[in-house]
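Every chain is numbered from 1, with letters handed out A, B, ... down the list of sequences.
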Amino acid sequence: MIGFWSVNDGYVMQRRLLKLHLFNLHISPHSVQQYWPWLIGGACVLLVILILLALTVGAVAIEFTSLGQWLHARLYGLAVPDKQTQLIVEALRLPRALLAAGVGALLAICGAAAQGLFRNPLADPALIGVSAGAAAGASLVIVFLGNTLVAGWFGVSLISLGAFAGAILVVVAVYRLATHQREGTTSAATMLLAGVAFSYLAGSLSNVLKFISNNDQLRQLSLWHMGGLEAANFTQVGLIAGVLLVVGGCLYGQYKALNALLLGESEARHLGINVKRVKGRVIVCIAAGVGVAVALSGVVAFIGLVVPHMVRMLLGPNHKYLLPMSACVGAMLLVLADTLARTIIAPTELPVGLMTAVLGAPVFISLLRHRKNYQ
Amino acid sequence: MLELKNISVKKGAAFIVSDVSLSLKAGEILSVIGPNGAGKSTLISAILGDVGLEAGQINFACAPIHAQPLQARARHIACLPQTSVLSFPFTVEEVVMLGRVPHSSGAKADRIIVEQAMALMDIGYLYGRPYTALSGGEKQRTQLARVMAQIWRKPDAEPRLLILDEPTSSLDLGHKQQLMAAVKYFAEQGVAVLMIEHDLNMVANYAHQLLALQCGHVVAYGEVSTQLSSALIKTLFGANTQVINHGGMLNIVNC
């Protein structure tokens with residue numbers, strides 16, 4: 001009998017240790033507050049290291065020493081000795097890595113805000129139809145305006161505009177459908193279902209557009225839909241940086257309201273939060289952020305869903321820390337995923353959206369399985 | 001301090017609350033009683049501005065309540081909801097800290113208030129625990145500590161109003177009494193209290209005023225000692241009881 005119990009205890013202990021390692025990496029709110037500058041600083045340093053790593057890896061490997069020389073020359077305004085390194089890094093890899101970081105950060109911070117706003121940890125912007133709406137909007141632009149305007153700065157911004165319009169249209173429709181007219185409360189379940197319905201609707205619109213498009217447009221559409229960062233340039237980096245700054249700043253400004261909203265909409269109102277205004281702002285931010293991200297990189301799945309989940313397990317649900325840290329981790333993950341996508345079957349490149357889906361889906365499934373451990 | 005003048009609230013075609021008037025002074029505890037669906041919660045929603053008025057007027061501190069800015073009003077009025085939907089793993093002290101959102105009294109002062117409110121509701125031992133892992137009663141006490149922290153200090157805002165929607169529904173007897181003692185302590189500090197309560201013994205021994213609602217209409221309104229009778233309970237709930245005055249303490253006994 002004693003033997004039986006000790007074996008059982010050992011088993012329980014083992015299970016506990018396993019869970020402790022994998023799913024209970026929680027830091028207490030007090031420690032988060034105390035060590036926050038170190039935590040976010042460390043995350044930023046890690047992001048810079050990942051970006052530098054991404055610069056060295058690829059079809060042509062760049063030595064750390066020549067990367068160091070390039071970095072030194074650039075930082076001190078000297079002439080770069082190695083022209084080939086300069087060309088590869090500055091024309092190809094740096095804009096791409098920066099775009100990946102920007103898109104990742106934008107998707108993750110929008111995901112975190114969406115989950116807070118809808119009080120639902122499953123409310124990924126893609127699940128509520130934003131991505132599909134953005135894709136349909138961008139497709140409309142490519143098919144009907146693409147032939148004349150697709151190249152250059154104006155083309156980029158026009159496709160972005162289409163994606164943005166599509167995203168906001170779907171969000172507003174889903175939100176209207178899920179919000180009770182009289183009471184003004186939003187049902188998360190209805191919202192997810194409406195998101196699925198509108199995703200199908202937008203998806204079928206995209207398919208119709210594919211059907212009527214010519215060969216050139218079809219190629220452009222399907223490449224764009226798979227999600228890729230290979231066409232990155234510094235104009236796009238500038239655009240994403242600007243949008244990230246505005247959307248991130250605006251969302252971070254709402255962190256107290258988002259925290260209060262987790263209690264419920266009327267509770268937040270009783271705490272003095274103008275719920276209607278906050279909801280409006282956050283939804284516009286999410287649609288703008290995801291719309292632009294999708295326009296520049298195609299549909300990149302799971303970043304907006306998985307990253308806030310992971311950060312919440314680590315730091316708790318306080319949006320003051322959740323939003324900036326999600327942005328950092330999202331940037332890291334997408335830089336990493338893009339580097340893998342470039343190298344895993346080199347010289348062929350996988351679309352980065354495919355990569356994040358392959359990596360993200362299993363992580364998400366395991367999160368669902370272990371939901372009880374952290375909720 | 002709080003004054004309702006002939007207010008009516010409509011949902012669809014039906015009047016949920018019709019022609020209700022009351023006035024509440026600082027330091028008073030008013031208990032709203034009535035059967036399920038009598039319009040008690042709707043009355044609270046109307047005071048808080050969550051539903052529109054069909055007719056009538058609500059004044060708080062001598063001014064129309066809905067003309068006051070939201071944040072300023074939140075410093076004066078705190079409300080405990082009937083149910084909570086919080087499903088994110090905030091720790092208990094973080095939930096209580098949310099009560100300080102409308103104030104800008106500084107992190108240090110807020111932390112002290114949170115600790116005191118947690119001590120008052122006897123949830124100091126829950127420090128650091130995730131809210132989602134608590135039992136129903138512990139959740140209720142955490143939410144209570146939150147609304148109490150919201151109107152904790154006199155210098156933050158005056159007058160103060162505490163609204164409680166069935167605060168004792170998931171508490172054991174000991175914590176029920178502890179809660180009512182805390183509410184009484186708040187009232188003694190000059191906080192006006194409006195609470196919906198189903199436990200008539202609690203009403204009898206802690207509330208000063210009583211408002212009985214039935215189908216949205218006022219059936220009785222006034223001092224608890226004069227209004228609470230077995231005839232009123234029979235009208236409201238169709239239940240047979242006896243109200244016994246036991247040395248100044250009212251006891252409601254089923255029979």
- Message: For Arg119(A) versus Phe88(B), what's the shortest heavy-atom pair and its separation?
- Response: C-CE1, 3.5 Å
- Query: Who among Ile163(B), Leu86(B), Leu80(B) has the most heavy-atom pairs with chain A under 4.5 Å?
  - Reply: Leu86(B)
- Which atoms of Ile77(B) come close to chain A, meaning under 4.5 Å heavy atom to heavy atom: side chain ones, backbone ones, both, or neither? backbone
- Item | Atom group of Arg129(B) that falls short of 4.5 Å from chain A, counting heavy atoms | neither
- Note on the structure: Output for pair (Gln33(A) CD, Arg111(B) CZ), nearest 0.5 Å, gives 5.5 Å
- Message: How close do Pro317(A) and Pro89(B) get, counting heavy atoms only, and between which atoms?
- Response: CD-O, 3.5 Å
- Message: Taking side chain as everything from C-beta outward and backbone as N, CA, C, O, which of these in Arg146(B) sits under 4.5 Å from a heavy atom of chain A? Side chain, backbone, both or neither.
- Response: side chain
- Task: Starting at CZ of Arg75(B), measure out to CG of Leu271(A) and round the result to the nearest 0.5 Å.
- Result: 12.0 Å
- Calculate, to the nearest 0.5 Å, the distance between atoms CG and CG belonging to Asn259(A) and Leu98(B) respectively. 6.0 Å
- Interatomic spacing from CD in Gln143(B) to CD in Glu267(A) - rounded to 0.5 Å: 7.0 Å
- OG of Ser28(A) to CD of Glu93(B), rounded to nearest 0.5 Å, is 8.0 Å
- Message: Quick check on the interface: out of Asn274(A), Leu262(A), Asn318(A), Ile273(A), who has the most heavy-atom pairs with chain B under 4.5 Å?
- Response: Leu262(A)
- Note on the structure: Heavy-atom closest pair (Gly272(A) atom, Ala74(B) atom, distance to 0.1 Å) is N-CB, 3.3 Å
- Item | Atom pair CD/CG of Glu265(A) and Asp50(B) - distance to nearest 0.5 Å | 10.5 Å
- Give the member of Val101(B), Thr91(B), Leu48(B) that has the highest number of heavy-atom pairs under 4.5 Å with chain A. Leu48(B)
